[in-house]
Structure formats: structure tokens, C-alpha cells
Amino acid sequence: MGRVALVTGGSRGIGAAISTALKDMGCSVAATYAGNDEKAAAFTAETGIKTYKWNVADYDACKDGVAQIEADLGPVEILINNAGITRDAPFHKMTPQQWHECIDTNLNGVFNMTHNVWGGMRERKFGRIVTISSINGQKGQFAQANYAATKAGDIGFTKSLAQEGARAGITVNIVAPGYINTEMMSTIPEKVMNEVILPQIPVGRLGEAAEIARAVCFLASDDAGFVTGSTLSANGGQYLA
Ligand SMILES: NC(=O)c1ccc[n+]([C@@H]2O[C@H](COP(=O)([O-])OP(=O)(O)OC[C@H]3O[C@@H](n4cnc5c(N)ncnc54)[C@H](OP(=O)(O)O)[C@@H]3O)[C@@H](O)[C@H]2O)c1
């Protein structure tokens, strides 16, 4: 088998596309999720990719979860930090809970997962870490001070770890998607989509999850060994960082 890959939030949305693309690339893939058992079971039935449930905001759960996956599949060589949430509100209405939930999942979750695979990657002198940030971490977004802070934080984290991992054969990179055609987007009214969102995207359409997955697969591949600390924007030209 190919390399062992762990995709957080890999059971649906962009994560599901990443999990299946890595499997198609020859990897042994483990996908994690937080609580939606039904979606996870359907994903496993459809793809044969095993799913594991824990909260990435919980350090000890990440440690135990990684240990379980390594017992099942072998040492994790590729980590995709994809799990993420939004808790939108204009700042004057944002509650401490909305702030902390975003930080706990999108930023602390990235620390918790990366910290639990880092030692093994250093020992084996190989690793690929790709974190899914967002266009809104690059440019900011109304009502997303919490989310944008976490996604910008993920970029700073990545640039720092890229420097620490370089001599150990570990690359650390970011993919920053723009608006992607996921369940989240299907809730947006057609008028808002056509008159507000699409006109902001020069290519004139939403991105597809599979397009994000292909960018991730490149950064996760052995071929990408000279690419580290980079942010690959996949946003249809909406924001040129
Ligand atoms: N969709 C977009 O347009 C877009 C644009 C830019 C960036 N992004 C980023 O891309 C990533 C994926 O987004 P998406 O739209 O595909 O998300 P999604 O469809 O809502 O799926 C999120 C996945 O993450 C899991 N998850 C959420 N919180 C978790 C936690 N605390 N612990 C473990 N797993 C957790 C979910 O598990 P359950 O199924 O159990 O809930 C699910 O598998 C996120 O980081 C998001 O910020 C998305």
C-alpha cells in the first residue's frame, strides 16, 4: 500500500473529496469526524474508507485517535487538517462561546492533531502536513472575526512549522479555498448567490470540492518535497494574496 494519510473532517464536504482523492492516489486513508454518524457510515459504505470519531479540540482524544489509526494502518505520514467550523456573527453580537468554539476547533484542533503526529514524522524523516485555511483568513470577512482569526492563525502556524520541519523531511503547507460548492453553500438563496457572491468570483462559478482535493494531493505527494511553508490559494481569482 501507499502512504498512510489521516484527514480530519474527512467524512463529508471538502474533506470527503480529499479522502477519496488520496485513496485514488494509492494512500491508506483514515477519515475522522465529530458526531455525524449517519454521514460517516454512508461515506464508509460508499468508499471503503474507515472513519473515526473524536473532537479535534480535545488533545487527549487526538492522541488516542492517532494511536488507534496507527495501530490499524501504520504510522501517519500525511496529515490533512481539514476539520473546521463557522460561528458567524458581527463582532458586537459575537459571544465568547462563538469565539472559543471557532478557536478550539480551527486553531487548537490543528495544534492538537499536528503535535500528535510530529514526533513520529521527525523520527522517520518524512511527513506531509496540509491545513485547509480559507480566503477569509487571507482577506478578513464581515461577521467572521473569529473564523478569520483562526484561518489566518493556521497560516502563521504553517510558516513556522515549515521552518522546523524542513531538515526532518516534513513539509507543511496551506490550501486556502474560496467559495466551494458544498452543503454549506446550498443554503444560500439563489438571488444572493447570483447577485452578490458569483459576481465577486472572476471565473464566474463556485469551486468544486474535488478541485481543492487535487491541490491537496499535490502538496501531499512525494513530488512536492521542495514546496513548504506555502499558501496555495484556490479561489477562482477572487482574492490575489
Ligand atoms: N465550504 C467552503 O466553501 C469553504 C471555503 C473555505 C474554507 N473551507 C474550510 O474547509 C474545511 C472543510 O469545510 P466544509 O465546508 O467541507 O465543512 P463541512 O461540510 O461542514 O464538514 C466539516 C467536517 O469537519 C468535521 N468536524 C467539524 N468540527 C469538528 C471537530 N471539532 N472535531 C472533529 N471533526 C470536526 C465534521 O464532522 P461531522 O460530520 O461529524 O460534523 C465534518 O466531517 C473547513 O476547515 C472550512 O473552514 C470551506
Side-chain angles (χ1 to χ4, degrees), residues 6-21 29-44 47 49 51-62 64-66 69 79-88 100-113 116 130-141 144 146-155 157-158 174-188 193 197-198 200-201 205-213 215-216 231-236 238-239 241:
L6 192 171
V7 184
T8 68
S11 62
R12 65 188 174 89
I14 294 170
I18 295 170
S19 298
T20 48
V29 180
T32 81
Y33 69 105
N36 192 331
D37 297 319
E38 203 179 318
K39 283 273 177 176
F43 175 74
T44 299
T47 63
I49 295 171
T51 49
Y52 298 79
K53 177 163 74 168
W54 77 79
N55 180 359
V56 295
D58 179 338
Y59 185 88
D60 290 335
C62 292
D64 294 345
V66 168
I69 288 168
L79 169 66
I80 314 299
N81 288 310
N82 165 77
I85 58 169
T86 51
R87 292 289 183 270
D88 295 357
H100 287 296
E101 283 179 2
C102 253
I103 302 283
D104 284 346
T105 298
N106 302 0
L107 192 55
N108 292 341
V110 170
F111 168 81
N112 294 341
M113 287 303 304
N116 278 300
V130 182
T131 297
I132 309 303
S133 176
S134 166
I135 186 175
N136 292 343
Q138 297 172 296
K139 71 171 188 56
Q141 178 62 27
Q144 287 198 329
N146 50 0
Y147 180 81
T150 64
K151 295 298 184 178
D154 288 338
I155 294 173
F157 173 83
T158 292
I174 288 280
V175 171
Y179 288 110
I180 306 304
N181 190 13
T182 58
E183 267 175 55
M184 196 172 84
M185 286 290 151
S186 63
T187 60
I188 294 174
M193 179 59 71
I197 294 182
L198 290 180
Q200 296 175 35
I201 307 173
R205 64 172 177 85
L206 300 179
E208 295 297 329
E211 293 179 298
I212 301 305
V216 171
T231 297
L232 203 172
S233 298
N235 61 34
Q238 185 182 350
Y239 182 74

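Each ligand, and each atom within it, is numbered from 1 in the order the structure gives. Only this structure's heavy atoms are used, side chains among them; waters, hydrogens and symmetry mates stay out.
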Checklist outcome for this item: In this structure, atom 33 (C) of ligand 1 is nearest to the protein heavy atom Trp54 O, 3.3 Å

Checklist entry - Among Arg12, Met185, Glu38, which residue places a heavy atom closest to atom 20 (O) of ligand 1? => result Arg12

Checklist entry - So, Asp154 side chain and Val110 main chain: donor-acceptor pair closer than 3.5 Å or not? => result no

Item to check | Asn55, any N or O under 3.5 Å of ligand 1 N or O | outcome: yes

Item to check | Within-cut-off N or O pair, Tyr147 and ligand 1, under 3.5 Å | outcome: yes

Checklist entry - Could any protein non-hydrogen atom be found less than 4.0 Å from atom 17 (O) of ligand 1? => result no

Checklist entry - Of all the non-hydrogen atoms in the protein, which one sits nearest to atom 3 (O) of ligand 1, and at what distance? => result Ile180 N, 3.0 Å

Checklist entry - Which atom pair, heavy atoms only, marks the closest approach of Ala213 to Ala21? => result CB-CB, 3.8 Å

Checklist entry - Does Ala40 approach ligand 1 within less than 4.0 angstrom via side chain, backbone, both or neither, non-hydrogen atoms only? => result neither

Checklist entry - Under the 3.5 angstrom rule, does the side chain of Asn235 hit a backbone N or O of Pro177 as a donor-acceptor pair? => result no

Next on the checklist: Once rounded to the nearest 0.5 Å, what's the spacing between atom CD of Gln144 and atom NZ of Lys139?
Outcome noted: 8.0 Å

Next on the checklist: Just to confirm my output: which protein heavy-atom neighbour is closest to atom 22 (C) of ligand 1, and how far is it?
Outcome noted: Gly84 O, 4.2 Å

Checklist entry - Should you measure from each heavy atom of Gly178, which atoms of ligand 1 turn up under 4.0 Å away? => result 3 (O), 5 (C), 6 (C)

Checklist entry - In ligand 1, which numbered atoms sit nearer than 4.0 Å to a non-hydrogen atom of Ile85? => result 27 (C), 28 (N)

Checklist entry - Any idea which protein heavy atom is nearest atom 43 (O) of ligand 1, and the distance to it? => result Ser11 OG, 3.1 Å

Item to check | Per-atom contacts of ligand 1 with Asn36, taking only distances under 4.0 Å to non-hydrogen atoms | outcome: 38 (P), 39 (O), 40 (O)

Checklist entry - Heavy atom under 4.0 Å from ligand 1: found in Glu183's side chain, backbone, both, or neither? => result neither

Item to check | All salt bridge (Lys or Arg N to Asp or Glu O under 4.0 Å) counterparts of Glu183, not counting sequence neighbours | outcome: Lys39

Checklist outcome for this item: Counting from 1 in the order shown, the ligand 1 atoms closer than 4.0 Å to a non-hydrogen atom of Ile14 are 1 (N), 4 (C), 10 (O), 16 (O), 48 (C)

Next on the checklist: Is it the case that ligand 1 has an N or O less than 3.5 angstrom from some N or O of Gly10?
Outcome noted: no

Checklist entry - Using a distance-only test with no angle check, is there a side-chain donor-acceptor pair under 3.5 angstrom linking Gln138 and Thr231? => result no

Item to check | Those atoms of ligand 1 less than 4.0 Å from some heavy atom in Ala83 | outcome: 24 (O), 26 (N), 34 (N), 35 (C), 45 (O)

Checklist entry - For Ile135, is at least one N or O under 3.5 Å away from an N or O on ligand 1? => result no

Checklist entry - Checking Thr86 side chain against Asp88 main chain: does a donor-acceptor pair fall under 3.5 Å? => result no

Item to check | Closest candidate by heavy atom, reference atom 44 (C) of ligand 1, pool Ile132, Asn82, Ile212 | outcome: Asn82

Checklist outcome for this item: For Gly13, the ligand 1 atoms with a heavy-atom partner under 4.0 Å come out as 16 (O), 19 (O)

Checklist entry - Please state which protein non-hydrogen atom is closest to atom 32 (N) of ligand 1 and give its distance, to 0.1 Å? => result Val56 N, 3.0 Å

Next on the checklist: Treating Thr105 as the side-chain partner and Cys102 as the backbone partner, does any N or O pair qualify as donor plus acceptor under 3.5 Å?
Outcome noted: no

Checklist entry - Is the shortest distance from a heavy atom of Ser133 to ligand 1 less than 4.0 Å? => result yes

Checklist entry - Nearest protein heavy atom to atom 25 (C) of ligand 1, by residue and atom, and its distance? => result Gly9 CA, 3.5 Å

Item to check | Location of contacts on Thr182 toward ligand 1, heavy atoms closer than 4.0 Å | outcome: side chain

Checklist entry - Side chain of Thr44, backbone of Ile49: donor and acceptor closer than 3.5 Å? => result yes

Checklist outcome for this item: With Ile14 as partner, the option from Ile180, Ile80, Val175, Val7 fulfilling side chain to side chain contact (heavy atoms under 4.5 Å, CB included) is Ile180

Checklist entry - Has ligand 1 got any nitrogen or oxygen that is less than 3.5 angstrom from a nitrogen or oxygen of Ala57? => result no

Checklist entry - Do any nitrogen or oxygen atoms of Pro177 lie less than 3.5 angstrom from nitrogen or oxygen atoms of ligand 1? => result no

Checklist entry - How close does the nearest protein non-hydrogen atom get to atom 29 (C) of ligand 1, and which residue and atom is it? => result Ala34 CB, 3.5 Å

Checklist entry - Excluding sequence neighbours, so at least two apart, what forms side chain to side chain contact (heavy atoms under 4.5 Å, CB included) with Ala61? => result Trp54, Asp58

